[in-house]
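The basis for the numbers below is simple: all heavy atoms, side chains too, and nothing from hydrogens, waters or symmetry mates. The residues of the chain are indexed from 1 along the displayed sequence. Both ligands and their constituent atoms are indexed starting at 1 by order of listing.
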Amino acid sequence: MRYISTRGQAPALSFEEAMLSGLARDGGLYVPESWPQMCADEIAALAGLSYEDAAFRVMRPFIGDAFTDAGFRDIIARAYAGFGHAARCPVKQLDSNHFLLELFHGPTLAFKDVAMQLIGQMFELSLKRSGKRVTIVGATSGDTGSAAIEAFAGLDAVDVFILYPHGRVSEVQRRQMTTPPQENVHAIAVDGDFDDCQARLKDMFNDHAFRDEVALAGVNSINWARVLAQVVYFFTSAVALGAPHRKVSFTVPTGNFGDIFAGYVAKRMGLPVERLVIATNQNDILHRTLATGAHRKQGVTPSISPSMDIQVSSNFERLLFDIYDREGAAVEQLMTALRDDGGFALDQGARDRLGREFDSGRASEAETSAAIRRTLARSAELICPHTACGVKVAEEQPASAVPMITLATAHPAKFPDAVEAATGIRPGLPERMADLFQRPERIERLPNDLAALKSFVANQRA
Ligand SMILES: *Cc1c(COP(=O)(O)O)cnc(C)c1O
C-alpha cells in the first residue's frame, strides 16, 4: 500500500514513511492510493473478537510490510493494555435506537488516546529499528496534547513539543500536559487560539531546513496513522449492533474532521453505513459548508466544548481530495483560497457528493448544556459537552429504523465545570488520576511567533 499527497506534488510513501513524516512536503495530507475492501463475510467475522483482534484485521491491509504480523499484534496489545475497560471502546444504549460509543477509557480520558497510544508504540518500534531520533511537534485544542504527552513520555528516541492555546484549555487538560515529569516532553502555552497553534505547526513543517535539522515528525490528526486507528471502532461498534446484516448511522462531534473522516473510510472499505452526521458546536464551519456549499472561516468563539473550537478543519482536505476525484491541483487551489481569501465555494458536483455521504447539525452553548441535562434525566448518563453536541444533533435527525451511534469523545470528568453547570453534579476523576491537582506543573509560555517557537524547539531537544 502506497500513500499519496492530497496536493499531488509530493512523492508517494510507504505506510511507515507517511506515519513518520505527518504532513506531505507539498503541504498536503497523505491518503492511501486506494481503499482496501472488507467483504460482508470478513466484516461478519469480526463479531465476538477482542477489540485488539478486530483492530488487527481492519488495519492490516493499510500497513504493508511496515511491521510483521506478530510485531503489529504486539503493538496493538501494548497500545490498549492501559485502557480502563475490557471492551476498550464499549457501546452503551441511550434510547431504543440510539447508542453511545464510549471512546474515553484510555489514560487521558478522551478518544485521542485510541490513536495516540497506538502510534506511540508504532514510532517506538520503527525508530528503535532504524536507530533514528525524531522531534514531534503537535498543536492541540487540549486532548491531542495530553494524549501525545502520555503516549510518548519517557520513550528514548523522541522529543515531544505540544503547542496549546494559552487560557483556552480546561484545567484537567492543562494539568495532563504540564505534570508529566519526563524530560522529553514539553507543553508550550501559545498566546493565540488553536488555529494559530495549528498554523505555526504547519509553518514549521513547511520550513524544510528546520524540518530536516530537527527531524520533525507530526502526530496531529493530519497523521494518517491516527485516522487509521480510529477506523477500527466504527467497525467494532457497527458489528456489535448487527452489521453487516444491518446498517448503522453515526453522529460524530467534529472539530478537525479526523474522527468523522475515519467513519467515511470505514464506509469506503465496505461497512454498511447509512448516514454520517457531522455535529459541531457554535464554531460551525463544517455545518455551514453542508448547509450552504461555502467553506468560509469566521473567528473562533470559545465554547464549553473547547476541543471542537476550530475553524480550519485540517482533515476536511482528505475528503475534498475524494470529492474532487483525487485531483491534487483542485485541492491545492481550494486550500490556497482558504488561506488567502478565507474560504471557497464548492462546485455543484462536489456539493452533491458531500450531501450524499453526510448530514450535519450544530449545538449552541445552551443546547449543549440542555443535552447534558436531558441525557442524565432520560438515560441516567453523565456526558461531556462534546458528546452532548453529538447527542443533540443525533436527536434531531429524521426518525429511522437504522440504529444511530453517537461517539462519546471524552469522559465528563475532563470538563467538570460545564457538566456541573448543566446538572449540578461534579463528575469525579477516575482513581488512577485522582491526585492530578496535587502534581507540580511545568509551563512554558511563548508568543504566537514562528521564530520564537522554532528556537525553543531546537534548543530544548535532547
Ligand atoms: C478532538 C476532539 C473532538 C473533535 O475530533 P476531530 O477528530 O478533531 O473532529 C471532539 N471531542 C473531543 C473530546 C476531542 O478531544
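Considering backbone and side-chain N/O of K112, one or more are found under 3.5 Å from N/O of ligand 1. For Q230, no nitrogen or oxygen atom sits less than 3.5 Å from a nitrogen or oxygen atom of ligand 1, counting backbone and side chain alike. Of the N or O atoms in A110, none lie within a sub-3.5 Å distance of an N or O in ligand 1. Any N or O atom pair closer than 3.5 Å counts here, and F257 shares at least one such pair with ligand 1. Considering backbone and side-chain atoms alike, H386 places every N or O at 3.5 Å or more from each N or O of ligand 1. Not one N or O of A410 is nearer than 3.5 Å to an N or O of ligand 1, by distance alone.
Only the side chain of M308 comes within 4.0 Å of ligand 1, counting heavy atoms alone; its backbone N, CA, C and O stay farther away.
Counting only N and O atoms by type, the side chains of S126 and E16 include a donor and acceptor under 3.5 Å apart.
Using a 4.5 Å heavy-atom cutoff, the side chains of M59 and L118 are in contact. The shortest side-chain heavy-atom distance between T289 and L354 falls under the 4.5 Å cut-off.
Taking a 6.0 Å sphere around CZ of R378, one finds it holds 12 or fewer heavy atoms contributed by other residues, nucleotides or ligands. For Q333, the CD atom is loosely surrounded, since the number of other residues' heavy atoms within 6.0 Å does not exceed 12.
Looking only at distances, a side-chain donor or acceptor of K392 sits under 3.5 Å from a matching main-chain atom of R362. Judged by distance alone, with hydrogens and angles left aside, the side-chain atoms of R318 form a donor-acceptor pair with the main-chain N or O of Y30 at under 3.5 Å. D435 places no side-chain N or O within 3.5 Å of a backbone atom of Q438 that could act as its donor or acceptor partner.
The protein non-hydrogen atom at the shortest distance from atom 8 (O) of ligand 1 is N256 N, 2.7 Å. Closest to atom 11 (N) of ligand 1, if we only count protein heavy atoms, is T409 OG1, 2.8 Å. Atom 4 (C) of ligand 1 has as its closest protein heavy atom G255 N, 3.6 Å.
Of all the atoms in ligand 1, the ones that sit under 4.0 Å from a non-hydrogen atom of T254 are 9 (O). Close approach of ligand 1 to D259 is summarised as follows: ligand atoms under 4.0 Å from at least one heavy atom of the residue are 7 (O). Of all the atoms in ligand 1, the ones that sit under 4.0 Å from a non-hydrogen atom of G258 are 6 (P), 7 (O), 9 (O). Listed by number with element, the atoms of ligand 1 under 4.0 Å from a non-hydrogen atom of D143 are 12 (C), 13 (C), 14 (C), 15 (O).
Classified by interplanar angle (parallel below 30°, tilted 30° to 60°, perpendicular above 60°), the ring pair W224/W35 is tilted.
At a 4.0 Å cut-off, at least one heavy atom of F111 sits close enough to ligand 1 to count as contact.
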Start with the C-alpha gap between D159 and T135, add the side-chain angles, then the distance that decides, and say whether side chain to side chain donor-acceptor pair (under 3.5 Å) holds.
CA-CA 5 Å; D159 293 294; T135 304; 4.6 Å; no

